[in-house]
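Scroll down for the structure; my scribbles are underneath it.
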Amino acid sequence: MSDDEHHFESSESGASKTYPQQAGNIRKGGHIVIKGRPCKVVEVSTSKTGKHGHAKCHFVAIDIFNAKKLEDIVPSSHNCDVPHVNRVDYQLIDISEDGFVSLLTDSGGTKDDLKLPTDDALAAQMRSGFEEGKDVVVSVMSSMGEEQICAVKEVGGGK
Amino acid sequence: MCSSSVSEFSPSTSSAMGLPREFHENCRKSLEQNFLKTFYQWAKDAALSVTNKIIESHSSVPEVKVCNATLRLMYQILNWEFRYSKGGGTRASINVFSDGIRVDNAFAKKTECVIVQPGASWCDVLLSSSHVGWLINLYSSVRQKFDLEGYWLDCPVAVSARKLIVQLCSLAGEIFPSNNAQMREQHLLLLLSGVLPWIDPPDVISKEIEEGRSGSEMIDGCRALLSIGTVTTPVVFDQLLRSLRPFGTLTLLSMLMGEVVKVLMANSTDEETWSYEARDILLDTWTTLLASMDGSGGNAWLPPEGMHAAASLFSLIVESELKVASASATTEDDADCLASVSAMDERLGSYALIARAAVDATIPFLAKLFSDRVARLHQGRGTVDPTETLEEAYSLLLIIGHVLADEGEGETALVPDALQSHFVDVVEANNHPVVVLSSSIIKFAEQCLDAEMRSSIFSPRLMEAVIWFLARWSFTYLMLVEDCNLGSNQLQSLPSRACLFTFFNEHNQGKFVLDIIVRISLTSLMSYPGEKDLQELTCFQLLHALVRRRNICFHLLSLDSWRNLANAFANDKSLFLLNSVSQRSLAQTLVLSAYGMQSSDASNQYVKDLMAHMTSSLVDLTNNSDLKNLAQQPDIIMLVSCVLERLRGAASATEPRTQRAIYEMGLSVMNPVLRLLEVYKHESAVIYLLLKFVVDWVDGQLSYLEAHETAVVINFCMSLLQIYSSHNIGKISLSLSSTLLNEAKTEKYKDLRALLQLLSHLCSKDMVDFSSDSIETQSTNISQVVYFGLHIITPLITLELLKYPKLCFDYFSLISHMLEVYPETLAQLNNDAFSHVLTTVDFGLHQQDVDIVTMCLRALKALASYHYKEKNAGNSGLGSHAAGHTDPNGVFHEGILSRFLRTLLHFLLFEDYSTDLVSTAADALFPLILCEPNLYQGLGNELIEKQANPNFKTRLANALQVLTTSNQLSSSLDRLNYQRFRKNLNNFLVEVRGFLKTR
């Protein structure tokens, strides 16, 4: 709905940020755009407009970046916007003093524009894994022009 | 005082006194045999002594309280769970296990109606001493006295008296001498005459209640009818009233319920009122009476008057249902629609029983109502808002569906006996009321094929009812195979029955109707976008039920409409919009229909053509060089999910005839599947679909595969497991939202469960194998593979995850199977994995679920007996795992077998468990004792020392002695010895648990 607001910041050239999909086909666990935000659907219920009307879907979804809860009701034969959610794994190279991380890209360059996750415990986990010298792989989720670290995995090494 | 002692002595309500169970049991027995009747006598006498005072006095006197207390006590005593009455056998030792398991009452209904069976010895107190007469007199005379004061009906003494009367109505069993049916009838008649003023005449009573009188007495009257209905047959039930009134009890029941329904119709508020309760109780009464007839061969008809009563009641009920429907038509429908179809099921089922009690009247009646509604829809088309009529038609379809056919879940649905045996004078099918009714509905349904009609009449909700009806109807009537859906043979010769059966068979209208049904299905799938419930009904109930019947498959494949459906499935984009479960079901249905092909080759070709488009789209996608970016696009994700669901549906339809084609289908997507597993590692929904497809495919295929094919499949599964675990071990997902985190956990659980199922299916190859190779040529060792798999996934299984019951079940069934069949491989597991497996077994032993504990016990048995046998053969068995070790700090850790021996003994002696577990536990305990005889001796001595009571001490010591020596138990692990030990353990527990376990 608000395509113009954030213009193509992602490096995936030409990738449109949202796709239309029939509301009846969006399932729990899938993604949806509500009020211009990319969300993950946690609950879908269907009801009818009047007993003999058409079905409509009631979505409860959670913003994948700021965890806010959003709701929407759409006739189930209509189209909804579904965000293009991309997740890429990077190897963690460095954590700087100011909380930014340095990541190794597939092509061998570095990506330095992401901060540690805001959750203290999880940030600490990344930090300790890194300081112990383990190989830490982080997954970065990006959608509609935003990016965030969404998962960490230690793949051994260290000690 | 007496009342509290009764409740104290009933074990389920006794207070904890720290006394052994055995003591409680003995108390209970002596109370029942020696005192209960005496208490009852006392209560009766006490009540009798105050009766006169109560009846004579004009205001409330303290005696009323006494009377109330005694009535309550009598009620409580009759509620006692009589156990020692039957046969009068006194058992020498009390089996403490059976305690707490109530003997299931076959007559138990949803409105409680407990049958009172105190046994023959109570005859004098309850029956021959005019006890009932006294009670009824008491109630009616006091009732008369306070007639003007409405509150009296709800005051305690009235309530208790009515409760007792209702309870006496359900008196049954040996208390009535078997040779004296009259006595029983007299007893019931007496009660009925006492109850009659509460409910008769129904119209007056209901009017009074509507004007403010309390409804409790009338409801108790209904309860009394239910109780009487429960202990009698319909004919006896009906006869009872004839000596008091010019009509039978059924007529009274019908009138009574008619009044209740009228009241319900008049005030259509949602409030729970007395009429709701009364309706439910009366409906139960009908069900109780009629259900006993329905199964008994169809010739047991109600007496004509009863039939008439049922017919008029049914028409009232339908009228009220339709009124409710049209009134609620415009209200917003919040409930899930599938739920609403099945929610009324139970009620409609009872209505159907009433309708079937008088089919001669009710079937034509329904036909008339239905054609009436159809005509109204046509007349008002375009001018009048049809909503109310639509809702009426909807309700009618549901009611008719219930009357015409039973739910055929899991078995062949028979045409209801009543419909087979009535209408004897009908000779031509076209005039058979059932045929007329069915045809008119099918004709109506067919109109939805017309786009214009569809938009003006066939709302999604009406379509749901149409599809539901067609599914239920076709399962019972369409293309019946001779002698399969017929039911009882005595009816075979009826001509009316013959025309009912042949009319919809393959030589007659059957094929024509089948074609209509398929076209309607396609319409509901294509022309109602986004109507999930409708599509699910169509796929699961209607189409799926059709292909489950082999003879129908042959006809389906010859129909153009079926070819259109298959075509649309393979090529039409709009069917990709179906909801995912419907996709799967549709794929399964279409593949199953391939059975109707003439040869196996043709069937395989049919499946191949059907699925070729899906497999090639997956292959093309994964060959795309830009897969990584492409794959993340929502439209691609949706496409992949769709295709995977369809593949899974097809895989789950594997049958010998189509196995080749489905094997090749899976083979061609093996590489794409692994590629996608990699690409979608963050898209858990897709991963789950991938895993489930593989699980179902392996399950369907494995037993047919030759050795080299098995090797291919197993290698594929191994790569799958490796890739999956490399993505998931040590991964921590971050999310700000706890909901999303929980979701992630649930997803992980579902994945793991799928993987466990995969491993179990792989195991089954060793058990069921249809391949042509002999066992010797088996090139892959399944146990190795599965252990390797277990190595990969056990680190992912945490005790936290085992709290999911289904996962827990799958996990332990796999573990116990593994240990029983390949114990030697377990010994080879590395230390971490080994102890992890055993920790989970220990965890499983402490679960509530009997199945899980059983599986853990079987695992233990396998483990211990393996060790014992190996030891005896001079091998190391479980080696260091069993021996125990001393850790670097000098602390001794005992071996696993000792640990489990300790746990198991404690479990058996002190914890609560079901009796079913004893023999399995014996099988595990026996080898454990043999493995660790010294520890067992020690534990036994410890137990004896702990007993303070010298009597118990010797009993325990003896019991322990007997446990291991009686029945010529020897120390070899053979079948005979296991059996002996089971017997020993059972005796042992019966002997000692009574005093070891305290309460």
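Side chains are part of it too, since the values below use all heavy atoms of this structure and drop only hydrogens, waters and symmetry mates. Note on naming: letters A, B, ... go to the chains in the order of the sequence lines (proteins, then strands), and numbering restarts at 1 for each one.
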Flag if over 12 foreign heavy atoms under 6.0 Å of CD, A:Glu43: no
Close side-chain approach of B:Asp635 and A:Val82, heavy atoms under 4.5 Å: no
A:His58 NE2: over 12 foreign heavy atoms closer than 6.0 Å: yes
Flag side-chain contact, heavy atom, 4.5 Å: B:Glu683 against A:His31: yes
Approximate separation, where rounding is to 0.5 Å, of B:Glu391 CD and A:His52 NE2: 4.0 Å
Euclidean distance, A:Lys51 NZ relative to B:Ser459 OG, rounded to 0.5 Å: 11.0 Å
When A:Lys68, A:Lys69, A:Gln21 are compared by non-hydrogen pairs under 4.5 Å with chain B, the top option: A:Gln21
OG-CG distance between A:Ser47 and B:Asp533, expressed to the nearest 0.5 angstrom: 10.0 Å
Residue B:Leu578 versus chain A: region with a heavy atom under 4.5 Å: backbone
B:Gln633 (side chain) donor-acceptor with A:His84 (main chain) under 3.5 angstrom: no
Atom of B:Pro460, atom of A:Gly53 and distance for their closest heavy-atom approach: CG-O, 3.5 Å
Spacing of CD1 belonging to B:Ile636 relative to OH belonging to A:Tyr19, to within rounding of 0.5 Å: 7.5 Å
Smallest separation among heavy atoms of A:Ala55 and B:Gly530, with atom names: CB-O, 4.0 Å
CG/A:Asp113: more than 12 non-hydrogen atoms of other groups inside 6.0 Å: yes
Top contributor to chain A contacts, counting heavy-atom pairs under 4.5 Å, from B:Ala631, B:Pro529, B:Pro386: B:Pro529
Distance in Å, A:Ile26 CD1 paired with B:Asn579 CG, rounded so as to fall on 0.5 Å steps: 12.5 Å
Interatomic distance, A:Gln22 atom CD to B:Phe576 atom CZ [nearest 0.5 angstrom]: 14.0 Å
Note: B:Glu747-A:Lys28 ion pair, threshold 4.0 Å (strictly below): no
Check: B:His682 and A:Val85 side chains under 4.5 Å, non-hydrogen atoms: no
Heavy-atom side-chain proximity of A:Lys48 to B:Glu531 below 4.5 angstrom: yes
Contact check, side chains of A:Asn25 and B:Met638, non-hydrogen atoms, under 4.5 Å: yes
Residue A:Pro83 versus chain B: region with a heavy atom under 4.5 Å: backbone
Heavy atoms of other groups near B:Arg675 CZ, more than 12 under 6.0 Å: no
Chi angles and distances behind the side chain to side chain contact (heavy atoms under 4.5 Å, CB included) call for A:Asp89, B:Lys681: CA-CA 10 Å; A:Asp89 287 353; B:Lys681 61 182 171 189; 2.8 Å; yes
